[in-house]
Amino acid sequence: MTQQPTQPQAIASQPNDIAAKPLQPIPQEAFDWYDEYAHGIIDRREFMARLAGLVALGFTLTSLTSALLPNYALAEQVSFNDPSIKASYVKFPSPNGYGEGRGYLVVPTSLLKLDEDGKPAETLIYDTDKKAPVVLVVHENRGLNPYIEDVARRLAAQGYIAFAPDALYSLGGYPGNDDTGRAMQSNLDRAKIEQDFIAAALFLKSHPQSSGKLGAVGFCFGGYIVNMLAATIPDELNAGVSFYGTPAAPELRGRVKGPLMLQFAELDQRINDTWAEYEAQLKANKADYVAYLYPKVNHGFHNDSTARYDKATAELAWSRSLDFFSKHLGG
């Protein structure tokens, strides 16, 4: 995998003693503990107890938790009011999953007929002469949060029809906080969730304004879903980008043919340990793939709502993703 330069690690401030002490880097252990917590390996009590052990180093629990836990106000790069896009929530059938799903659909306004004032109507009316590639956007292990919705808006602002399903729809949808969302998703039938995303991908590809080219991008659990789609619907998926995702089940991997782009973080050992075996299978398949390993960054480096975010690396990985979609999907 190719390595690229990155920014210095995240910093936690000491709000009550900022004049006396310099800003300190957050210890790598704290990021590792957060990764274990976010993926259900340890519970919140254990996570907080471990963070408390860093107080002796001059940190406060407030500064650590505010840096490590998501702040979704930081994640908006494209406003839902951006005039170049139009967003709405739409439902889709999922007969092999939970029966019905719902997701966040964002379309470029260039595909819409406009009112006399030059704005799209509340009820979307498409210009039937216009088409665009479509991209499925897949969230992490806690439902459709504001960060993932913003990723969908970023893609629509680039000219794609983007659709971000919510795996928690059968339980009422993303609850507004990640802890509850994570618990909800962990209680769902994983096989049915996978069928929901397969249904969502096919629903999106058949959108009336679709050019017939389907891409998918996912993060963490969503990265796994991209790999799963590449294995289960290889003839339907025209390009997949997986950010720090695990591979599909071993019995499915022989069907993967790509094109795939796989993005990894050097400090994300849990995910990186799965790569050698997966890459061997991709080579055996003669699959079309490219993989990047970004140095000195953590799992979640693209998520700009937490301290794991690394701006330079995230922007590089995202620009590569857009170039990849442009090459394989057009648009």
Side-chain angles (χ1 to χ4, degrees), residues 9-15 24-75 138-151 166-168 171 173-190 193 218-225 242-246 263-275 294 296-310 313-314:
Q9 68 185 108
I11 299 293
S13 64
Q14 313 303 303
Q24 300 185 54
I26 297 175
Q28 181 58 40
E29 299 98 295
F31 290 104
D32 296 339
W33 298 334
Y34 177 75
D35 185 73
E36 291 181 29
Y37 165 59
H39 295 92
I41 299 170
I42 61 175
D43 61 18
R44 186 179 180 88
R45 182 186 296 273
E46 175 65 18
F47 174 56
M48 297 302 290
R50 292 184 185 182
L51 289 184
L54 298 178
V55 171
L57 300 179
F59 295 96
T60 67
L61 277 177
T62 299
S63 67
L64 288 168
T65 56
S66 65
L68 291 169
L69 299 176
N71 178 357
Y72 287 121
L74 302 176
V138 190
H139 59 68
E140 310 104 323
N141 65 340
R142 43 200 177 269
L144 179 58
N145 59 45
Y147 155 63
I148 297 298
E149 290 187 341
D150 193 69
V151 172
D166 187 355
L168 304 183
L171 300 177
Y174 176 69
N177 73 83
D178 281 10
D179 282 349
T180 304
R182 188 180 301 112
M184 291 168 65
Q185 189 162 323
S186 69
N187 287 325
L188 289 171
D189 184 316
R190 188 179 179 101
I193 293 177
F219 306 86
C220 183
F221 167 79
Y224 159 76
I225 291 293
S242 171
F243 279 79
Y244 24 86
T246 54
Q263 318 238 38
F264 298 96
E266 183 185 30
L267 302 178
D268 187 11
Q269 198 61 44
R270 179 178 58 86
I271 298 298
N272 296 346
D273 284 346
T274 69
W275 172 238
Y294 298 95
K296 300 180 182 179
V297 293
N298 285 281
H299 182 99
F301 68 78
H302 185 268
N303 187 335
D304 47 359
S305 70
T306 79
R308 297 178 299 171
Y309 174 61
D310 186 283
T313 303

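Counting from 1, the numbers follow the sequence of the chain as shown.
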For Tyr244, enumerate each residue passing the ring pair (Phe, Tyr, Trp, His ring centres under 6.0 Å) test, keeping only those at least two apart in sequence or located in another chain. His299, Phe301
Residues which pass ring pair (Phe, Tyr, Trp, His ring centres under 6.0 Å) with Tyr174, listed by chain and number, not counting sequence neighbours: none
With sequence neighbours excluded, give me every salt bridge (Lys or Arg N to Asp or Glu O under 4.0 Å) pair touching residues 55-71. none
Derivation and outcome, side-chain contact (heavy atoms from CB on, under 4.5 Å), residues Val55 and Thr60: CA-CA 6 Å; Val55 171; Thr60 67; over 6 Å; no
Got a sec, which residues hit salt bridge (charged side-chain N to carboxylate O under 4.0 Å, His left out) with Glu140, two or more places apart in sequence or on another chain? Arg142
Salt bridge (charged side-chain N to carboxylate O under 4.0 Å, His left out) with Arg50: which residues, sequence neighbours excluded? Glu36, Glu46
Return the CG to CZ distance between Asn177 and Arg182, rounded to the nearest 0.5 Å. 9.0 Å
Could you tell me whether Arg45 sits above the aromatic face of Tyr37, with NZ or CZ closer than 6.0 angstrom to the six-membered ring centre and within 45 degrees of the axis? no
Should Ile26 and Leu54 count as side-chain neighbours, where that means a heavy-atom distance under 4.5 Å? no
Show your reasoning for whether side chain to side chain donor-acceptor pair (under 3.5 Å) applies to Asn145 and Glu149. CA-CA 7 Å; Asn145 59 45; Glu149 290 187 341; over 6 Å; no
Do Arg190 and Tyr224 form a cation-pi contact, if we require the NZ or CZ to be under 6.0 Å from the six-membered ring centre and within 45 degrees of the ring's axis? yes
Can you tell me how far the OG1 atom of Thr246 sits from the CZ atom of Phe221, to the nearest 0.5 Å? 9.0 Å
Contacts of type ring pair (Phe, Tyr, Trp, His ring centres under 6.0 Å), residue Tyr72, not counting sequence neighbours: none
How long is the gap from CD on Gln185 to CG on Asp178, to the nearest 0.5 Å? 10.5 Å
I need the Leu188 CG to Leu171 CG distance, nearest 0.5 Å. 4.5 Å
Is there a side-chain contact (heavy atoms from CB on, under 4.5 Å) between Asn298 and Asp35 once you walk through the steps? CA-CA 9 Å; Asn298 285 281; Asp35 185 73; over 6 Å; no
How long is the span from the CZ atom in Arg308 to the CG atom in Leu267, to the nearest 0.5 Å? 12.0 Å
Given the rule in the side-chain contact (heavy atoms from CB on, under 4.5 Å) test, do Thr65 and Met48 qualify, once you have shown the distances and angles that lead to the verdict? CA-CA 9 Å; Thr65 56; Met48 297 302 290; 3.6 Å; yes
Verify whether the ring centers belonging to His302 and Phe219 lie closer than 6.0 Å. yes
